[in-house]
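Since the structure comes first, as C-alpha cells, the remarks are kept for the end.
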Amino acid sequence: MNATPLLFPGSDNTVDDSLFARIADDLLNQGYSICPAALPDEIALPLYQHQQELDDEKYTRAGIGRGDDFHKNKFVRTDEICWINGESHAGKNWLNWTNELKRHLNRRLFLGLFSFESHFAHYRPGNYYKRHYDAFKGEANRILSLVAYLNPGWCNEDGGELVLYQNESDMEGIKVIPLMGTLAIFLSEEFPHEVLPANRDRYSIAGWFRLNTSVGNKIDPPL
Ligand code: OGA
Ligand code: MN
C-alpha cells in the first residue's frame, strides 16, 4: 500500500514516503538498495532535460580526489562531470528531494547525515570508472552514495552497468542497468563498485551524503 504523499515546501512535487521507507529497510538489512524506476518522474524528467541541454563545456574531466595526477585519473576513470548547485529548477527539485531522503534516513537510522554533494556524469561510448570505493575507512567523510540514472530505453546490450561488489573479495558483484529512474544507494565505505564501458552515451547523477566533520573554524564540508 502506498503511503500518503507529503507535500514539501518550495516545490510542486510530492515525496513518496514508502520509497524512503524501503531504502531505509534495505540499508538496514543489507547496506545497499537498488530501486528500478524509483526516482519520481517530476524529478527525473527535468533532470534528464537539463542534462541534455548542458553544453559540453559545462562538463569537466573527472578527478579522483585531492592532488591526483591526470595520467592516473585517466587510468581509473574517463567520464566527465558537472556539479549540481541548485541554480536550475531541475537541480533545486533534486536537492529538495535528496534532502527529504536525508531527513528520513536520519530519523530512521540515526545516520547523522549532514550535507549532500552531487554531479551529473557523462560517460561517452567506451568510457569507464574502474573498481573503487567512494570513501575510505576512518576518514568518516562520505557515508552514503546515491546514484540516479537518466537513460530512457537502455537495453541490456548497451552495457554500461554499475557493478556493486559485496566486499573486498567479491569478484562477481551485482549488475545494475542504468535505466531511467533507477536508484542505487549504498554505504560508501563498504561497497567497491565500477562502471563498465557502454556502447552509447550514458548519463547519471552521482551524489554523496556526508557527516559534519568541521573542526575549529574550518567548515568541512562547506554548507
Ligand atoms: C561514482 C560512481 C557510478 C555510476 O561517480 O563514484 O561510482 O554508475 N558512479 O555512474
Ligand atoms: Mn563511485
Side-chain angles (χ1 to χ4, degrees), residues 23 27 31-39 43-44 47-48 50-52 54 58-66 68 72-85 91 94 98 113 115-137 139-156 158-168 170 172-210 221:
I23 293 169
L27 289 176
Y32 70 91
S33 183
I34 310 294
C35 309
L39 189 63
I43 313 288
L47 285 171
Y48 170 75
H50 183 64
Q51 102 81 39
Q52 291 292 310
L54 281 176
K58 293 254 168 59
Y59 275 101
T60 51
R61 273 291 315 278
I64 50 169
R66 288 169 210 167
D68 39 288
K72 192 168 156 217
N73 278 350
K74 193 155 182 221
F75 177 69
V76 176
R77 67 188 295 189
T78 57
D79 58 319
E80 292 152 47
I81 64 167
C82 174
W83 290 95
I84 300 176
N85 54 24
W94 161 251
T98 56
L113 307 175
S115 69
F116 180 71
E117 57 189 357
S118 60
H119 60 61
F120 289 107
H122 176 199
Y123 292 74
R124 294 172 193 274
N127 281 176
Y128 55 81
Y129 194 165
K130 295 209 166 157
R131 182 170 168 140
H132 65 281
Y133 287 95
D134 285 346
F136 294 98
K137 284 206 164 61
E139 286 188 5
N141 187 355
R142 290 172 166 178
I143 298 299
L144 193 65
S145 302
L146 163 61
V147 192
Y149 296 101
L150 302 173
N151 307 290
W154 195 270
C155 307
N156 287 359
D158 293 329
E161 295 96 339
L162 167 74
V163 190
L164 191 68
Y165 299 98
Q166 300 280 340
N167 52 52
E168 191 68 41
D170 181 8
E172 197 179 329
I174 303 161
K175 282 192 175 171
V176 181
I177 294 165
L179 185 60
M180 187 78 179
T182 295
L183 298 173
I185 300 155
F186 52 92
L187 295 171
S188 306
E189 288 184 359
E190 302 296 330
F191 295 90
H193 54 281
E194 72 177 307
V195 178
L196 302 178
N199 48 38
R200 55 177 269 205
D201 289 281
R202 176 196 193 270
Y203 298 97
S204 59
I205 295 176
W208 300 272
F209 294 100
R210 298 172 65 176

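Atoms within a ligand are numbered from 1 in the order they appear, just like the ligands themselves. All values reported here derive from a predicted model rather than from experimental measurement.
To the nearest 0.5 Å, the span separating CE on Met180 from OH on Tyr149 amounts to 14.0 Å.
Tyr165 pairs with exactly one of Arg131, His193, Glu194, Glu172 by the side-chain hydrogen bond (donor to acceptor under 3.5 Å, both in side chains) rule, that one being Glu194. Residue His119 is tested with Trp94, Tyr203, Trp83 for a ring-ring contact (aromatic ring centres under 6.0 Å, His included); the sole match is Trp83.
No donor-acceptor pair under 3.5 Å is formed between the side chain of Asp170 and the backbone N or O of Asn167.
Annotation: side chain of Phe120 is in contact with side chain of Leu47 (closest heavy-atom distance under 4.5 Å). Looking at heavy atoms from C-beta onward, Asp201 lies in side-chain contact with Pro125 at the 4.5 angstrom threshold.
The minimum heavy-atom distance linking His132 with Lys130 is given by the pair ND1-O, 2.8 Å. The two residues Gly153 and Arg200 have their closest heavy-atom pair at O-NH1, 3.2 Å.
Taking the six-membered ring for Trp and thresholds of 30 and 60 degrees, Phe186 and Phe191 have ring planes more than 60 degrees apart, a perpendicular arrangement.
With waters left out, the protein N, O or S atoms under 2.8 Å from the Mn ion (ligand 2) add up to 3.
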Where does ligand 1 get N/O contacts under 3.5 Å from the protein, atom by atom?
residue  : atom   : partner : partner atom : Å
ligand 1 : 6 (O)  : His132  : NE2          : 3.3
ligand 1 : 6 (O)  : Asp134  : OD1          : 3.2
ligand 1 : 7 (O)  : His132  : NE2          : 3.3
ligand 1 : 7 (O)  : His193  : NE2          : 3.0
ligand 1 : 8 (O)  : Tyr149  : OH           : 2.6
ligand 1 : 8 (O)  : Arg202  : NH1          : 3.4
ligand 1 : 8 (O)  : Arg202  : NH2          : 2.8
ligand 1 : 10 (O) : Arg202  : NH1          : 3.0
ligand 1 : 10 (O) : Ser204  : OG           : 3.1

